[in-house]
**Student:** 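The structure that follows is given in the form of C-alpha cells.
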Amino acid sequence: MESSLAALSIPAEVEAVFRAFRTCEFSTLAKDGTPITWPTLPFWDAGKQRFIVSTSIGFPQKAYNVRRDGRVSLLFSEPKASGLERPPAVLIQGDATAPDEIITTFTGYEEGLRQTFERQPGGMIFSSNALIRHFADWYYMRLLIFITPRRVLWCPGGDMTGEPLRIERLTADGAERREA
C-alpha cells in the first residue's frame, strides 16, 4: 500500500513541526468506534513519508486498536519547548499498521532513542540505571505503529479560528489534492 501512494509535498513549516514538537495527541478508535487519545512522541520518517509511534508491551491498547481499525490521527497543537515561533497547528489523518512483532533492541532505532532523550531528558535517569532496566524490561520491549498520512491539515501560526490548509491523498489516480 505504501509504495502505491504518491509522495506528499509537505510544506517546510509543517515538516518543522514534525521534527521539533515534543509531543502530539495520537487518536485511535475503540471497539465501539469511540476515539481514544493519548499524548505520544511520534517520529517522522521523511524518506518513507510515515510516522513511527512505539508503545510498551505493558500498554498495548494503541496497537490493539490500530490492528482492529487502522484509521488514526495525530494532532500537533502544543509548541512548548519546540523552539519554533508561531508554528502551525497540524492535524494528520492517516492509516496505521501495528505489526505483531516485539522490538527488544534499539538497533536501527538509535536516532529515535537520541531524540527521545533530547525531548524528555528526565527519562535518562531510568534508562541509565541497570537495576531499573532489569526490573522494568517490559517497558523497554516495544510494539511499533506505522502511520501513513492520508490527509494533512494545518492552521498557520496555530490560529484555529479559520479554515485549515490541506493536502490529501484522495484522488482516484493516487495524486495529491491541495486546497487553500
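Heavy atoms only: backbone and side chains are in, while hydrogens, waters and symmetry mates are out.
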**Student:** What's the spacing between Leu75 CG and Gln93 CD if we round to 0.5 Å?
**Tutor:** 10.0 Å

**Student:** Considering residues at least two apart in sequence or located in another chain, which fulfil the ring pair (Phe, Tyr, Trp, His ring centres under 6.0 Å) criterion with Phe76?
**Tutor:** Phe18, Phe51

**Student:** Check Thr28 against Lys62 and note the closest heavy-atom contact, atom names and distance.
**Tutor:**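 Looking at all heavy atoms of both residues, the closest pair is CG2-O, 4.2 Å.
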
**Student:** What distance do Thr37 atom OG1 and Glu25 atom CD have between them, rounded to the nearest 0.5 Å?
**Tutor:** 7.5 Å

**Student:** With heavy-atom distances below 4.5 Å as the criterion, would you say the side chains of Val72 and Asp95 are in contact?
**Tutor:** no

**Student:** Would you give the length of the straight line joining atom CG of Leu41 to atom CZ of Phe21, rounded to the nearest 0.5 angstrom?
**Tutor:** 13.0 Å

**Student:** For residues Pro149 and Gln49, report the shortest heavy-atom separation together with the two atoms involved.
**Tutor:** CD-O, 3.3 Å

**Student:** What closest approach, in Å, do Ser9 and Ile167 show between heavy atoms, and which atom pair accounts for it?
**Tutor:** O-CD1, 3.1 Å

**Student:** Any idea which heavy atoms bring Arg150 and Gly94 closest together, and the distance?
**Tutor:** NH2-O, 3.3 Å

**Student:** If only atom types and distance count, is the side chain of Glu13 paired as donor or acceptor with the main-chain N or O of Pro87 below 3.5 Å?
**Tutor:**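 It does not hold such a pair.
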
**Student:** Could you give the distance from CZ (Arg50) to CZ (Phe43), rounded to the nearest 0.5 Å?
**Tutor:** 13.5 Å

**Student:** Give the minimum heavy-atom separation between Leu153 and Pro164, together with the two atoms involved.
**Tutor:**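 Scanning both residues, the minimum pair turns out to be CD2-CG, 3.8 Å.
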
